[in-house]
Amino acid sequence: MSFQVFGLPVSRGVAIGRAVLVSSSRVDVDHYFVAETQVESEIARLRDSRDDVAAELSGLQRDLPADAPSELSALLDVHLMLLHDEVLISATKQWINERHYNAEWALSAQLEVLARQFDEMEDDYLRERKADVEQVVERMLRAMSRGASSGCAEGDGSIRAAAAGAEPLVLVANDIAPADMLHFKRSVFTGFVTDVGGKTSHTAIVARSLDIPAVVGAREGSRVIRQDDLVVIDGDAGLVIVNPSDIVLEEYRFRQRQSELEREKLTRLRHTPAVTMDGERIELLANIELPTDAKAAVAAGAAGVGLFRTEFLFMNRAGELPTEDEQFEAYRAVVVAMNGAPVTIRTVDIGADKPLERMSAGELRHEHGLNPALGLRAVRWSLSEPAMFRQQLRAILRASAFGKVRLLIPMLTHVSEATQVLEALERARQQLIDAGKPFSAVDIGAMVEVPAAALVLPSLLRMFDFVSIGTNDLIQYTLALDRGDESVAHLYDPWHPAILKLVEGVISQARAAGKGVSVCGEMAGDPAFTEVLIAMGLRSFSMHPSQIASIKQNVLRTDSRRLAALVCATFKADDIWGGCEALRNALAHPATSSP
Ligand code: PEP
Ligand code: MG
């Protein structure tokens, strides 16, 4: 049966593929294809994991103390029975045999099928057995990760080759954590759908950086879409079409080809300078999450890196933080890859929807707090862990010996925080001098992400060399809504006059003070805002590498003077709502409002 699921469009384009349902807790399970010749050994891994777990459970049962409650022994019996149940094992083998899924993927795919069957059971007792199956599968997955690998590690070329001939796959999950999106970078999926999330949640941001079609906030998506359904993800409209008719499918295949052609056309702009019709040079920089993303930035013709979100280096590390040398190597790799172009490295922005997860007791922890977005996040966390912060500052400074590095501090709200940051930087510099480690001069920038920073901007401008406007958080904190919460996504409005007024105010004050100013939030990569930001005086934009070409195309079509007077009048007028409305109208109708 064909039906549609509506969500939020977060990453453009069309993906068509078979649905792979993955529960949120298993998004980090390896997903890759094995070659025909490896099917047998993959099945052997599955069998071995079953035998290991059977031995483990039998051992537990044998060692039960005499006075242990009888339920415990009964529970172990149930787990042993499930382990040997052919519904689990033979169906899992089928996923490996027929689809060439690796054993972990096959097992979790079968678990999803079983979990749904349990959910649909009328009988409470039977429904609750789902937890037992999950525990057994969890044990098998752990056993597999302890055991020898299949020799076909994730990201391996042979996997890609095997995947090339296979049907495309799209991932459907309740949620994907930003940390798990890093797995996605190396996975076989061509698109994804999640039930939760907002347009500027970090999961959505990473999807855009991967340039893969995605829909978030699809609410019931993972409940109504079934394993193996044929799914069309329309990333432009925020629409998911499940089991489309032939005619709809054909239409979307056509659109897919069209958008590929469009992208190819845009890549030809790579070497074209970003200059407006009236000769204003616009700097188009790249936002990156990992050192390997620098390649995409160079390929897209970025003039440098405007935002390196270093927190992704701190994730998926089972509780260990990267050492100073590891960080230094990562930062240096980007600086070297950018070959003389500036690299803006932001200090770690942990917290809100980017927690440091899987920490074990006694290690440096990041607690969630009552309201993570308003809690110990970004520079607040850095200042609460001074040794960790100085270590990062030293690593960044050391990378400056290899190219042009700029340092960026996230989420400043208080001038006293800025003072502490500058003191920490001074200490880090002194420590490097004492250790005889070289570094060069770096410009220091403040992110303007909370209204407080925009309102005390002159004080910050006196302390910093440049500012970068983080519109994702600026919208969240100004409009008092969680950027990751799909239930308030309709209120997340970059066109709200309060946002435009704050952005315009920051740009004009920074320019008047002779300081650099850029926008590195999602607004910079949204073609709808290119002209208005240029009219406000912005000359530096930072965005995902995949967005650079289309923004450049807009720059080339823009006359920076066309809306300058209107912008100026809008933010001075009493009726700012009406003024912003007029501005949007003028943007939508270029011919009627030309000077
Ligand atoms: C922002 O808030 O706009 C920003 C660029 O930072 P992040 O999206 O990483 O919070
Ligand atoms: Mg931010």
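No hydrogens, no waters, no symmetry mates; every other heavy atom, side chains included, goes into these values. Everything numeric here is computed off the predicted structure, so don't read it as measured data. Every number for a ligand or one of its atoms is a count from 1 in the order of the listing.
For Ile205, every heavy-atom contact with ligand 1 shorter than 4.0 Å involves the side chain, none the backbone. At a heavy-atom cutoff of 4.0 Å, ligand 1 is contacted by the side chain of Leu307 but not by its backbone. With a heavy-atom cut-off of 4.0 Å, Met447 touches ligand 1 through its side chain alone.
Take the Mg ion (ligand 2) and draw a sphere of radius 2.8 Å; the protein N/O/S atoms inside it number 2.
For Phe312, the ring-ring contact (aromatic ring centres under 6.0 Å, His included) test picks out no residue, with sequence neighbours left out.
For the ligand labelled ligand 1, residue Arg346 lies inside the 4.0 Å heavy-atom shell. Residue Arg483 places a heavy atom less than 4.0 Å from ligand 1. The shell of residues lying under 4.0 angstrom from ligand 1, judged by heavy atoms, excludes Glu289. Under a 4.0 angstrom heavy-atom cut-off, His202 registers as being in contact with ligand 1. Heavy atoms of Lys354 come nearer than 4.0 angstrom to ligand 1 in at least one pair. No heavy atom of Met523 sits closer than 4.0 Å to any atom of ligand 1.
Heavy-atom proximity to Asp349, at under 4.0 Å, picks out these atoms of ligand 1: 10 (O). Residue Arg377 has at least one heavy-atom neighbour below 4.0 Å for each of these atoms of ligand 1: 10 (O). Less than 4.0 angstrom separates some heavy atom of Cys520 from each of these atoms of ligand 1: 5 (C).
Asp559 pairs in a side-chain hydrogen bond (donor to acceptor under 3.5 Å, both in side chains) with only one of the listed residues (Arg557, Arg562, Arg561), which is Arg561. Of the options Asp482, Thr200, Asp485, a side-chain hydrogen bond (donor to acceptor under 3.5 Å, both in side chains) to Tyr492 is made by Thr200 and by none of the others.
When only interatomic distances are considered, the shortest N/O to N/O separation between Glu311 and ligand 1 does not fall below 3.5 Å. At least one N or O atom of Arg309 sits closer than 3.5 Å to an N or O atom of ligand 1.
Salt-bridge check for Lys199 with Asp526: failed, with every basic side-chain N at 4.0 Å or more from each acidic carboxylate O.
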